[in-house]
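Just follow the structure's listing: the first ligand is 1, and inside any ligand the first atom is 1.
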Amino acid sequence: MTVSLGLVQRWLVQDVIRMSRKVPKLRRVSGCTSGKAVVLGHYYTSSSLATKTKEFSRKKEISEKKLTRHFIDHRKVRLIAGSGGKGACSFLSEPRKEWGGPDGGNGGDGGNIVLKVDQQVKSLSMITPVYRGKDGESGGSKNCYGRSASTTYIPVPVGTIVKENGKKVADLSHHGQEYVAVFGGAGGKGNRFFLSNENRAPLSATPGEKGQERVLQLELLTMAHAGLVGFPNAGKSSLLRAVSNAKPAVAAYPFTTLNPHVGIVKYQDHEQVAVADIPGIIRGAHLNRGLGISFLRHIERCRFLLFVLDLSIAEPWTQLQDLRFELEKYEPGLSRRPQAVVANKMDLPEAQENLTELRCREKQRVIPVSALTGDNVEELILHLRELYDGYLEAEERVGAKPMKW
Ligand SMILES: Nc1nc2c(ncn2[C@@H]2O[C@H](COP(=O)(O)OP(=O)(O)OP(=O)(O)O)[C@@H](O)[C@H]2O)c(=O)[nH]1
Ligand SMILES: [Mg+2]
């Protein structure tokens, strides 16, 4: 039997195609030449090998620059609810039932727009300037009613305040909480609705109502139990790093922190205390010096305050007076919340002398720590717990539900 060379070539090609089809999934791994796997050039089929060579993906730290781009804490939003569907005008006409009467159905209701708190959402950056609800469907003949439109949900972070013309209209502070911002228009009536003994063949049908329209301001107030308040470079972010799992940026220049960061301090009995680090405040911040005091809104919600002072500078107690003055300017009474003074940078030589002087001048408890070396941070963590327990008791006394993390 003679087999032509062309035929042999075709068989070979078909074999190769068949083999390649049997290969389940091809993965590209560079630099792998192990004999265990079926290596086809750069591709191989062994998944176990792939997992071996795969690098562990580590969660990247978000830089302050990136965070600033993504962190939005106020937004103006226009909400237009859906309009109702129009009612139909029609008459039933069938064989042997020529004058069947009016059978125009009603239109469906327009969709509401609801702000819904979602724990996963951390800023208002995803909020667009305009939202339109869905319109209801129109009614049809044969008494068919139009379908009502579904509700549009806008996810917002925990701690969102809703304002209209500067007046607070809603405070969304719990996961899953909803606020119906605008109501959809009612559906129109079909001509069947107008059927009466006086009018057996109504020709009127109404259009659907327009949906409600509102312009709202959304403001985000960071939710935390404790707020770190201090001058720039006092070591607030270093302190938050030392006591919690948060990793805010730390640098030797003022105004490193531009956005609030929240860290969680975990205790053995599973209680968790949230601590917020906010940008530094300077004297005259209420006159918009430094970064201003607009971000002080983030400590409005904090139940107790930790004033952080850099004890290595001359006369650190003047900073404390300035901080309290600025807080009072922002909201009267804010500086009188339960508080403690954290005397930071105790590892530096000048600090010890300043601490003695500060203790003489200050009525509140002063906790000397070093965020850099971690010295005496335990005392701060324990005192934080005391403040937290005091807060829980106070809430229980008035029958309110305490904020838990
Ligand atoms: N020696 C010493 N240096 C510290 C200590 N805590 C913080 N620092 C340093 O102080 C500088 C400022 O620290 P940050 O934590 O960024 O200060 P901050 O208060 O968050 O500053 P802003 O974000 O700008 O408001 C950094 O160089 C820190 O390394 C400390 O306990 N001892
Ligand atoms: Mg900072």
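Rounding to the nearest 0.5 Å gives a distance of 9.0 Å between CG of L320 and CD of Q364. Taking NZ from K345 and CG from L309, the interatomic distance works out to 11.5 Å, rounded to the nearest 0.5 Å.
The nearest protein atom to atom 32 (N) of ligand 1, hydrogens excluded, is given as D347 OD1, 2.8 Å; this is a heavy-atom distance. The protein non-hydrogen atom at the shortest distance from atom 20 (O) of ligand 1 is S237 OG, 2.7 Å. Counting protein heavy atoms only, atom 21 (O) of ligand 1 is closest to N233 N, 3.0 Å. Annotation: atom 13 (O) of ligand 1 to nearest protein heavy atom, S238 OG, 3.5 Å. With hydrogens left out, the protein atom closest to atom 26 (C) of ligand 1 is A251 O, 3.5 Å, a heavy atom. Closest to atom 25 (O) of ligand 1, if we only count protein heavy atoms, is K236 NZ, 2.9 Å. Nearest protein neighbour of atom 31 (O) of ligand 1, counting heavy atoms only, is A371 N, 3.0 Å. Shortest contact from atom 8 (N) of ligand 1 to any protein heavy atom: K345 CE, 3.7 Å.
Side-chain atoms of D103 and S141 include no donor-acceptor pair closer than 3.5 Å.
At a 4.0 Å heavy-atom cut-off, ligand 1 touches N344 through the side chain alone. Contacts with ligand 1 closer than 4.0 Å are made by heavy atoms of both the backbone and the side chain of T257. Contacts with ligand 1 closer than 4.0 Å are made by no heavy atom of V308, backbone or side chain. Contacts between S312 and ligand 1 below 4.0 angstrom, taking non-hydrogen atoms only, are absent altogether.
The one candidate from R283, H286, R289 that meets the side chain to side chain donor-acceptor pair (under 3.5 Å) condition with E326 is H286. Among the candidates N354, N344, D310, V341, the single residue satisfying the side-chain contact (heavy atoms from CB on, under 4.5 Å) test with P316 is N354.
Ring planes of H225 and Y391: tilted class, angle from 30 to 60°.
Each of the atoms 25 (O) of ligand 1 lies under 4.0 Å from some heavy atom of G280. Close approach of ligand 1 to Y253 (heavy-atom distance below 4.0 Å) involves ligand atoms 24 (O). Applying the 4.0 Å criterion to heavy atoms of A234 picks out, from ligand 1, the atoms 19 (O).
Look at R336 and E328 and you find a salt bridge, because one of the NZ, NE, NH1 or NH2 atoms lies within 4.0 Å of a carboxylate O, short of that distance. Under the 4.0 Å criterion applied to side-chain N and carboxylate O atoms, E219 and K168 are not assigned as salt-bridge partners.
Here's the thing with P254: none of its N/O atoms is less than 3.5 angstrom from an N/O atom of ligand 1. Checking only distances, L372 does come within under 3.5 Å of ligand 1, N or O to N or O. Geometrically, ligand 1 and G235 share a nitrogen or oxygen pair separated by less than 3.5 Å. The N/O atoms of L348, backbone and side chain alike, include none that comes under 3.5 Å of an N/O atom in ligand 1. For ligand 1, none of its N or O atoms has an N or O atom of D277 under 3.5 Å away.
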Original post:
V342 and H383: side chain to side chain contact (heavy atoms under 4.5 Å, CB included), yes or no, with the steps?
Top reply: CA-CA 11 Å; V342 183; H383 186 59; over 6 Å; no
**OP:** In sequence, state the C-alpha distance, the side-chain angles, and the governing distance for H261 and S237, and then conclude on side chain to side chain contact (heavy atoms under 4.5 Å, CB included).
**Re:** CA-CA 9 Å; H261 294 259; S237 307; 5.9 Å; no
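Distance check for T257 against the Mg ion (ligand 2): an N/O/S atom falls below 2.8 Å. Here S238 fails the criterion, with no N, O or S atom under 2.8 Å of the Mg ion (ligand 2).
Shortest non-hydrogen contact noted between S335 and R324 is CB-O, 3.7 Å.
At a threshold of 4.5 Å between non-hydrogen side-chain atoms, the residues R301 and S173 count as touching.
When the shell of 6.0 Å around OH of Y145 is examined, it contains 12 or fewer heavy atoms from other residues, nucleotides or ligands.
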